[in-house]
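Below is one structure, written out as structure tokens, with a few remarks after it.
Here is how names work: the chains are called A, B, and so on, in the same order as the sequence lines, proteins then strands, and each is numbered from 1.
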There are 2 protein chains.
Amino acid sequence: MARNVSDGEMGIVTALVRSSFLVDAVYAEASRAYGITPQQGQLLCVLMAQPFGMGELGGMLRLAKSSLTGLVDRTSKLGLVRREPDPVDRRAVRIALTDEGLAVADRFYTDTCRRIEALADGLKASDRAKLAELLGRVVTENQVPVVFADAE
Amino acid sequence: MARNVSDGEMGIVTALVRSSFLVDAVYAEASRAYGITPQQGQLLCVLMAQPFGMGELGGMLRLAKSSLTGLVDRTSKLGLVRREPDPVDRRAVRIALTDEGLAVADRFYTDTCRRIEALADGLKASDRAKLAELLGRVVTENQVPVVFADAE
DNA sequence: CATTCTACATTCGCACTACGAACTAACCGA
DNA sequence: TCGGTTAGTTCGTAGTGCGAATGTAGAATG
């Protein structure tokens, strides 16, 4: 049987899985507010740092090449990203944000950050810092791709 | 611009988003190993506690009714869950694990726990406990549905 | 009791997600 | 130049998730 929600003690596995569920819901809600899908939102966030080739993007987002083509197609059709020819490799393309894409990405990113941050509102500052440190170490040690980063 | 991965300081937002990405990847990998989708795996985990009606399931998994019908259909076609008539309400059904579904759920759950737990292998026991406590508070305070629970 | 209102679930059509296999074009090394 | 590799796309398939519309059954009201 499962423990009750009111049970104060929650294992680390459950805490991770359920917090992930929470983050996913926030992502879905935030992206919907901007007329994009969570995947498109994630693509925009990755591209905020710099343009990437399809291969690099596939590695970061953990998507097969064929999956990525469609995602870029659809996001491109919205006018948010653009395929640019790679200057040195004529086979390759570089996916970059359009002006509008950058604008949407900025707003989506800011909004998402605000919503995610609100999840930890109940924790006092020192606890939030501790949580960020511990969770950050988990992320770093598992080499999670930089699908999201702190603003400068 | 974005901070570098090697940058030790990671904000709580980034840590949450990227750890969620990590958990999602583990869930996808684990479910694939059992020939099911992550959504089907999640359904099995929820039903491990007890059978639920479609309405309850929709609330817990945050899915529209129409989305759930298909998920249950497909999982049922695999022989893992079953629709049972509700004893008191002839409109309603109760979704329950079949014997095979219970067996798969047990193994999937155990395997997933092992994989998720491994994510925090780099932390020492006291840090893991602290992380579980803080993240557990975030989960509890945001009333995340019990889509996953600790084993008894 | 009949009528109405609401709740439970399904069906349908749509767009998106994700994959592997097969393919084209271009790079690169021998 | 030839053969192998790499970058991306195309195509077919299965699954996801939603809203609108539907049918049936319980609940509430007269």
Subject >> Closest-nucleotide ordering on DNA chain C, the 5'-leading residue of A/R90 and A/P38 >> reply: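 Comparing both residues, the 5'-ward one is A/P38.
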How long is the line joining [atom1] of [X] and [atom2] of [N], in whole Å?
X	N	atom1	atom2	result
A/D24	D/dG17	CG	P	10 Å
B/R83	C/dC8	CZ	P	16 Å
A/M54	C/dA25	CE	P	18 Å
A/E84	D/dA7	CD	C1'	17 Å
B/Q40	D/dA14	CD	P	14 Å
A/I95	D/dA7	CD1	C1'	11 Å
A/I36	C/dC16	CD1	P	12 Å
B/Q39	C/dT17	CD	P	13 Å

Original post:
B/T14 versus A/V139: any side-chain heavy-atom pair under 4.5 Å?
Top reply: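 Result no, sub-4.5 Å side-chain heavy-atom pair not found.
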**OP:** Walk me through it: do B/R128 and B/D121 pass the test salt bridge (charged side-chain N to carboxylate O under 4.0 Å, His left out)?
**Re:** CA-CA 9 Å; B/R128 277 203 302 277; B/D121 269 355; 5.2 Å; no
**OP:** Rounded to the nearest 0.5 Å, what's the gap from CD1 on B/I36 to CD on B/Q42? Could you check?
**Re:**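 The CD atom of B/Q42 is 10.5 Å from CD1 of B/I36, to the nearest 0.5 Å.
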Which heavy atom of [X] sits nearest to which heavy atom of [Y], and what is that distance?
X	Y	result
B/G59	B/P145	O-CG, 4.1 Å
A/L44	A/A105	CB-CB, 3.9 Å
B/L57	B/L68	CB-CD2, 3.4 Å
B/L97	B/R82	O-NH2, 3.7 Å

Original post:
Under 4.0 angstrom, heavy atoms only, what part of the nucleic acid is A/D89 near: base, sugar-phosphate, or nothing?
Top reply: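 If one applies the 4.0 Å heavy-atom cut-off, A/D89 turns out to touch the sugar-phosphate alone, with no base involved.
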**OP:** Would you classify A/R94 as touching base, sugar-phosphate or nothing, given that sugar-phosphate means primed atoms plus P, OP1 and OP2, and contacts are heavy atoms under 4.0 Å?
**Re:**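 The answer is nothing, as A/R94 stays clear of every strand by at least 4.0 Å.
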Original post:
Is there a donor N/O on one and an acceptor N/O on the other, under 3.5 Å, for the side chain of B/R91 and the base of D/dT24?
Top reply: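 Side chain to base: no pair below 3.5 Å.
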Original post:
Does D/dG19 have OP1 or OP2 sitting under 4.0 Å from an N or O in the side chain of A/R32?
Top reply: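 Indeed, a polar side-chain atom of A/R32 lies that close.
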Original post:
Is there a residue in residues 61-79 of chain B whose heavy atoms reach under 4.0 Å of DNA chain D, and which residues are they?
Top reply: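 When residues 61-79 of chain B is checked for heavy atoms under 4.0 Å from DNA chain D, the hits, listed by number, are B/L63, B/A64, B/S66, B/S67, B/L71, B/R74.
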